[in-house]
Amino acid sequence: MEPGGRQAPSERDAMFRPPVNRAMRTLDRSFFRKTVPISAAKIFQNSEISKVRKELTNSRDLLALPRMSSVQDIKEPDGVTRKALLLREDLKHDDKKTWSETISELVAKGTVSVGPFDLMLDYDYWTYADIISAILPEKEMHEVPQGFTQVGHVLHLNLREQWHPYKHLIAEILMDKNPTVRTVINKTEDVGSHSQFRTFPFELLAGDNDLNVIQHEQDCEFRFDYARVYWNSRLETEHRRLVEKFQPGQVVCDVMAGVGPFAVPAGRKRIFVLANDLNPHGYEVMQDAIQRNRVQDFVEAFNQDGREFIQSSAQLLLNSDPVSVEIKPKVRRDKKRKVGSNAETGQAAQPPPEVYTRPSVVDHYVMNLPATAIEFLDAFSGVYAGKETIFAPQTSQALPMVHVYCFSGHSENEVDDHTDVCQRISERIGFTITPEDRVGGSGNSAIELAIHNVRLVSPKKQMFCASFRLPPEVAFRK
């Protein structure tokens with residue numbers, strides 16, 4: 001006990017933790033039931049509930065238990081049901097020395113009476129972490145498995161070998177505690193280990209054997225078979241970050257577009273996107289997403305090798321007739337106008353339509369294939385050979401920005417990782433780029449280098465997005 005009669009945190013936690021069964025291998029939900037004897041303040045007049053609750057909240061006498069309402073029903077012997085407020089676990093109904101001054105005053109006034117209350121807790125009350133901590137071996141309690149991602153109704157685990165004996169228990173409990181989950185799978189080998197399309201081998205642990213999902217991101221809807229395409233819900237923030245860099249009316253070439261998490265939201269922003277993916281199923285899904293999200297005027301899907309697409313997309317734009325998209329403003333009704341003379345339609349004066357004309361050169365290339373995207377950079381050599389006159393300084397048109405995703409180490413000094421990334425880029429494009437080639441740096445600021453740390457994949461593996469302006473020496477190379 002702590003001074004003043006309060007229970008120490010460890011004692012309190014033990015009171016409200018679930019029963020323990022470290023030998024459980026098949027989930028028995030009925031085992032997780034517990035009755036905790038506490039005290040409660042029974043209220044005689046329902047009209048007093050709010051007032052009493054406020055007073056007991058201010059005096060810190062109410063039971064503070066997550067996901068548990070302090071107001072509960074108590075059934076009297078005569079069948080009448082009254083409201084009661086659950087009291088802090090160290091307040092004893094039969095020991096007035098543990099009562100606060102507020103409780104004593106409320107009892108003296110006849111507003112409440114303090115009595116025993118059996119608080120019933122069961123499997124539905126406790127969280128996944130509570131339940132799994134009551135099952136796993138004590139020696140493993142320092143690292144309860146909690147990392148997972150959800151794609152549509154599918155929950156995707158990446159369990160370490162130490163958790164394999166408990167994988168079905170983990171899956172069932174996670175499915176119970178996440179109402180939108182119908183299927184739980186576990187990745188058995190690394191992404192791309194058996195497929196160039198970044199899919200991965202997995203095992204079904206619980207629920208329906210159905211990986212046809214509906215996923216929403218950036219107000220867009222995607223429908224796909226998760227077993228046949230790559231999707232990572234943890235990258236939504238990164239998708240949004242990059243799309244916000246694009247401006248309406250620009251052209252973006254998404255070289256490894258997947259099902260379109262960059263392309264489709266960009267299209268909704270009225271950005272022209274040529275979106276490519278080598279995976280035939282990913283290409284089909286992207287076509288569906290383009291139509292489903294009504295961005296077909298701005299986004300066009302391709303099914304090519306990435307290296308080929310870098311060159312062909314640039315030539316396609318140069319050789320195509322201008323493409324214009326007219327966006328008519330929504331009709332607004334002016335309710336104040338009366339029918340008659342020049343206002344018979346009741347419509348307010350409308351602004352002219354917005355017209356977007358697709359440029360003939362690329363503004364941005366996106367290369368989201370972190371395992372190998374850098375290897376494709378040699379395709380930019382001579383991509384605009386012989387076209388020097390259409391770019392700066394002869395015109396105001398800048399060469400494209402390239403946004404290439406990659407993995408590197410996770411060093412104590414991130415400059416070391418950035419240097420590694422720059423060296424690998426330099427080798428592929430045949431032009432030296434250094435970490436100092438950033439805006440405001442001491443190097444070649446025309447490169448506009450920016451290296452963004454996307455996320456830590458593992459303790460020794462970091463994902464980066466390196467953005468740089470394509471050097472003229474590369475773009476115009478003969």
Side-chain angles (χ1 to χ4, degrees), residues 9-10 13-36 66-67 121-195 198-213 225-234 371 407 410 455-461 463:
S10 59
D13 291 347
M15 282 184 66
F16 299 105
R17 280 201 295 261
V20 174
N21 183 349
R22 304 204 184 281
M24 186 179 291
R25 292 296 180 270
T26 301
L27 183 60
D28 180 4
R29 297 171 180 83
S30 65
F31 173 80
F32 297 100
R33 290 176 182 166
K34 188 174 188 178
T35 301
V36 182
R67 307 174 306 282
L121 301 176
D122 61 13
Y123 177 83
D124 290 337
Y125 168 73
W126 285 296
T127 65
Y128 160 76
D130 293 332
I131 298 294
I132 201 65
S133 296
I135 295 173
L136 296 178
E138 285 188 272
K139 64 179 181 179
E140 307 287 4
M141 293 309 300
H142 65 285
E143 190 182 10
V144 174
Q146 297 206 56
F148 62 85
T149 57
Q150 186 173 343
V151 181
H153 66 271
V154 176
L155 191 146
H156 168 207
L157 298 172
N158 187 13
L159 292 175
R160 297 180 183 175
E161 189 174 351
Q162 70 198 78
W163 303 122
H164 286 184
Y166 311 95
K167 60 187 178 183
H168 294 289
L169 278 170
I170 292 169
E172 283 193 72
I173 298 167
L174 281 171
M175 192 162 67
D176 287 342
K177 300 302 178 180
N178 293 274
T180 58
V181 171
R182 290 193 288 107
T183 303
V184 182
I185 62 173
N186 179 46
K187 184 172 73 173
T188 56
E189 295 186 50
D190 290 341
V191 171
S193 59
H194 286 256
S195 169
R198 290 186 287 176
T199 56
F200 55 87
F202 65 90
E203 58 183 334
L204 176 69
L205 296 183
D208 302 333
N209 188 9
D210 175 16
L211 270 67
N212 290 294
V213 301
D225 182 346
Y226 187 39
R228 299 174 65 190
V229 302
Y230 177 82
W231 180 277
N232 191 335
S233 297
R234 291 175 176 170
F407 295 126
H410 179 53
R455 73 184 188 98
L456 188 63
V457 179
S458 68
K460 295 183 179 180
K461 188 177 182 180
M463 181 176 174

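Residue numbers run from 1 in the order of the sequence given.
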Requested in this report: Without swapping roles, check the side chain of H156 against the backbone of F202 for a donor-acceptor pair under 3.5 Å.
Outcome: no
Query raised in the report: Within the side chain of E172, is there an N or O that forms a donor-acceptor pair under 3.5 Å with the backbone of L174?
Result: no
Requested in this report: Supply the atom-to-atom distance I173 CD1 to F32 CZ, rounded to the nearest 0.5 angstrom.
Outcome: 6.5 Å
Report task. List the steps, then state whether side chain to side chain contact (heavy atoms under 4.5 Å, CB included) holds for M175 with L155. Result -> CA-CA 8 Å; M175 192 162 67; L155 191 146; over 6 Å; no
**Report entry** Partners meeting salt bridge (Lys or Arg N to Asp or Glu O under 4.0 Å) with K177 (sequence neighbours left out)
**Finding:** none
Report task. Step by step, work out the salt bridge (Lys or Arg N to Asp or Glu O under 4.0 Å) result for K34 and D130. Result -> CA-CA 13 Å; K34 188 174 188 178; D130 293 332; over 6 Å; no
Requested in this report: Measure the CE-NE2 distance between M463 and H410 for me, rounded to the nearest 0.5 Å.
Outcome: 15.5 Å
Query raised in the report: Given side chains that start at C-beta, do those of R29 and D176 come closer than 4.5 Å, heavy atoms only?
Result: yes
Query - Whether W126 side chain and F16 backbone form a donor-acceptor pair below 3.5 Å - result: yes
Query raised in the report: How far does CH2 of W163 sit from CG of L157, to the nearest 0.5 angstrom?
Result: 12.5 Å
Query - Inter-residue atom distance Q150.CD - T180.OG1, 0.5 Å rounding - result: 3.5 Å
Query raised in the report: Is a donor on one side and an acceptor on the other found under 3.5 Å between the side chain of T183 and the backbone of D208?
Result: yes
Report task. Taking R182 for its side chain and G207 for its backbone only, find out whether a donor-acceptor pair lies under 3.5 Å. Result -> no
**Report entry** Check against side chain to side chain contact (heavy atoms under 4.5 Å, CB included), V154 and W231
**Finding:** CA-CA 12 Å; V154 176; W231 180 277; over 6 Å; no
Report summary line: Residues passing the salt bridge (Lys or Arg N to Asp or Glu O under 4.0 Å) test with D122, sequence neighbours excluded, are none
Query raised in the report: In terms of heavy-atom contacts, does CZ of R33 have more than 12 from other residues, nucleotides or ligands at under 6.0 Å?
Result: no
**Report entry** Validation row: V181, F148 side chains within 4.5 angstrom (heavy atoms)
**Finding:** no
Requested in this report: Please tell me if the side chains of N186 and I170 come closer than 4.5 Å, counting only heavy atoms from C-beta onward.
Outcome: no
Report task. Using atom types as modelled and distance alone, determine if a side-chain donor or acceptor of D28 lies under 3.5 Å from a backbone N or O of S30. Result -> yes
Query raised in the report: According to the salt bridge (Lys or Arg N to Asp or Glu O under 4.0 Å) rule, which pairs have a member within residues 148-160, sequence neighbours left out?
Result: E143-R160
